[in-house]
Amino acid sequence: MLRDITLGQYYPVDSPVHRLDPRTKLFGTMVFIISLFVADSIWGYLAATVALGLVIRLTKVPFSFMVRGLRGILVLLLISVSFNLFLTDGQVLVQLWIFRITWEGLRTAAFMAVRLIYLVLGSTVMTLTTTPNELTDGLEKSLGFLGKVGVPVHEISMMMSIALRFIPILVEETDKIMKAQMARGADFESGNLIQKAKAMVPLLVPLFISAFRRATDLAMAMEARCYRGGSGRTKMKPLRYQSRDRIAYGAELLYLAVMIGLAVVL
Amino acid sequence: MSIKVEHLNHIYGEGTAFSQYALKDVNFTIEDGEFVGLIGHTGSGKSTLIQHLNGLLRASSGAVYYNGENIYADGYDMKKLRSKVGLVFQYPEYQLFEVDVFSDVCFGPRNLGLEKEEVEARAREALSLVGLDESFYAQSPFELSGGQKRRVAIAGVLAMEPEVLILDEPTAGLDPRGRDEILDKISQLHREKGMTIILVSHSMEDMARYAGRLIVMNHGEKVFDDAPKEVFKHYKELEKMGLAAPQITYVVHELREHGAEIADDLTTVAEARDAILAALRKG
Ligand SMILES: Nc1ncnc2c1ncn2[C@@H]1O[C@H](COP(=O)(O)OP(=O)(O)OP(=O)(O)O)[C@@H](O)[C@H]1O
Ligand SMILES: [Mg+2]
């Protein structure tokens with residue numbers, strides 16, 4: 001029931017996208033996100049759609065699995081779409097009581113929705129094809145230059161990788177505690193909002209306790225293995241670019257150029 | 001009163017890359033008042049199986065009948081089913097959440113919508129059944145020892161007064177005394193209250209001692225379903241599944257190979273002792 005959260009969950013198949021260096025994928029995701037903000041015409045969005053569709057095809061991850069991550073932003077999506085839809089001034093299309101839909105509002109709302117959905121899909125592509133470990137390795141390496149100005153890059157990436165690693169564990173744990181309480185007659189589904197909130201107590205208390213227990217256990221285990229931060233630490237699998245990464249970088253830059261070109265020309 | 005399982009299949013994560021067969025065509029009927037042991041190697045599907053019996057997991061295909069009624073039928077009252085079929089999870093102490101032991105045990109019966117007096121009476125009785133006296137009532141469940149927490153968790157399910165009690169490795173991680181006490185309590189509930197018990201355990205000795213019937217799972221399939229004595233005769237096959245017969249069965253078979261005239265279906269130490277003594281007197 002709680003397994004719908006796909007963000008931060010690796011999908012284990014072998015595909016060209018899976019095999020890319022995490023830095024290449026990070027750069028690609030960044031390029032994609034930038035391109036979404038650059039695009040301001042239907043042609044720009046069309047190009048983004050083609051690119052995203054192509055990459056999703058290449059990942060070999062079933063599309064149904066990919067869009068599951070969207071459920072999480074449904075509320076946010078609805079709110080931002082309705083704000084844009086009803087609160088933008090301009091040429092009036094429909095007027096219902098105090099609600100007014102303008103041509104500009106419709107346009108911004110549609111672009112906004114597409115932008116949000118693509119943002120999530122774009123980052124989901126990365127998290128589904130990159131293991132949390134690769135991801136943080138990539139981040140650590142790409143942001144390594146920040147270490148020179150005193151940013152604890154290694155520590156931050158370690159915290160991130162631990163957090164990502166623990167998402168599925170906590171989801172599983174939630175599922176388990178939920179079932180155990182349901183076996184004792186707990187009801188998480190019916191009732192009004194207050195009753196529902198109250199019903200969460202038997203779930204949240206054990207969950208927090210176990211999260212804290214896991215955190216202290218992990219800290220202890222890391223210390224027992226002499227973990228002392230990033231300085232002088234070597235990698236078991238150091239990141240190395242392959243020729244496929246060069247091709248991917250080329251494609252990413254080309255895509256960015258096309259998107260900027262479209263925005264400037266149109 | 002019976003639990004009937006028909007052609008039960010369960011696939012975890014159906015339709016994803018993680019899909020995994022956990023149960024394959026499982027069939028059995030458990031009658032009222034039975035004490036059934038459920039054994040199997042780690043990952044053989046025991047926990048998955050028992051979660052179907054109170055409707056926490058839904059089968060991928062197949063059916064579960066409680067007292068003849070299909071629990072997957074439209075409008076079937078799952079909450080009532082869960083109050084009749086009590087399930088104590090593996091490591092149940094992690095579900096404790098209340099400020100004190102007594103309120104935590106009250107959680108189950110309160111969810112059944114009972115009166116306050118009835119709820120408290122049941123909680124008291126359940127706590128005394130698991131051997132916790134009034135001095136524990138006001139304690140925080142988080143300050144108890146592992147074994148005491150386990151008892152509180154079991155009491156939490158007992159307080160719902162189920163007709164069937166399912167326990168998933170209730171003695172895992174307990175000291176020998178703690179485990180004997182808990183198993184004796186369970187056996188007492190079975191004898192005195194006629195409660196149907198389904199016990200998951202990795203201890204063949206416990207199974208030989210308490211269970212009247214033994215179901216053996218392997219890779220999601222039911223492979224044996226018989227009296228423990230009969231099942232343990234297949235100890236060679238059990239070993240292939242990563243299981244074993246009780247230690248004493250091996251001693252008995254060894255003795256027989258050396259010419260001792262004793263039966264081959266002895267599974268408890270007491271039985272074996274009597275048989276060996278009898279054989280010695282004869283010889
Ligand atoms: N929530 C889940 N999601 C996906 N797969 C699962 C889940 N729970 C169990 N499995 C898988 O189903 C199979 C059966 O698991 P189950 O927990 O029923 O085994 P078990 O017999 O209870 O083992 P143990 O003796 O270790 O408790 C295992 O292969 C396990 O990996
Ligand atoms: Mg189990």
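Naming convention: chains lettered A, B, ... in sequence-line order (proteins, then strands); numbering from 1 in each chain. Values below: every heavy atom of this structure, side chains too, minus hydrogens, waters and symmetry copies.
The contact between B/Q51 and chain A is made entirely by side chain atoms (from C-beta outward), counting heavy-atom distances below 4.5 Å. Residue contact with chain A, scored on non-hydrogen atoms closer than 4.5 Å, involves the side chain of B/F89 exclusively. Proximity to chain A (any heavy atom under 4.5 Å) is restricted, for B/L57, to the side chain, taken from C-beta onward.
The OH atom of B/Y91 sits 9.0 Å away from the NZ atom of A/K176 when rounded to the nearest 0.5 Å. Rounding to the nearest 0.5 angstrom, the gap separating the CE atom in A/M182 from the CG atom in B/N111 is 11.5 Å.
Other residues, nucleotides and ligands contribute only 12 or fewer heavy atoms inside 6.0 Å of the NZ atom of A/K237. In the displayed structure, B/H202 atom NE2 is contacted under 6.0 Å by more than 12 heavy atoms of other residues, nucleotides or ligands. Within 6.0 Å of CZ on A/R57 lie no more than 12 heavy atoms contributed by other residues, nucleotides or ligands.
Counting heavy-atom pairs closer than 4.5 Å to chain A, the top-ranked of the candidates B/R110, B/K79, B/M78 is B/K79. Chosen from B/Q90, B/E98, B/M160, B/K80, the residue pairing most often with chain A at heavy-atom distances under 4.5 Å is B/M160.
A pairwise comparison of heavy atoms in B/Y94 and A/P206 identifies O-CB, 3.1 Å as the closest pair.
Among the residues in residues 207-217 of chain A, those with a non-hydrogen atom closer than 4.5 angstrom to a non-hydrogen atom of chain B are A/I209, A/R213.
Between the A/Q181 side chain and the B/Q95 main chain, a donor and an acceptor come within less than 3.5 Å of each other.
A salt bridge links B/D104 and A/R184; the closest N-O separation between the charged side-chain nitrogens and carboxylate oxygens is under 4.0 Å.
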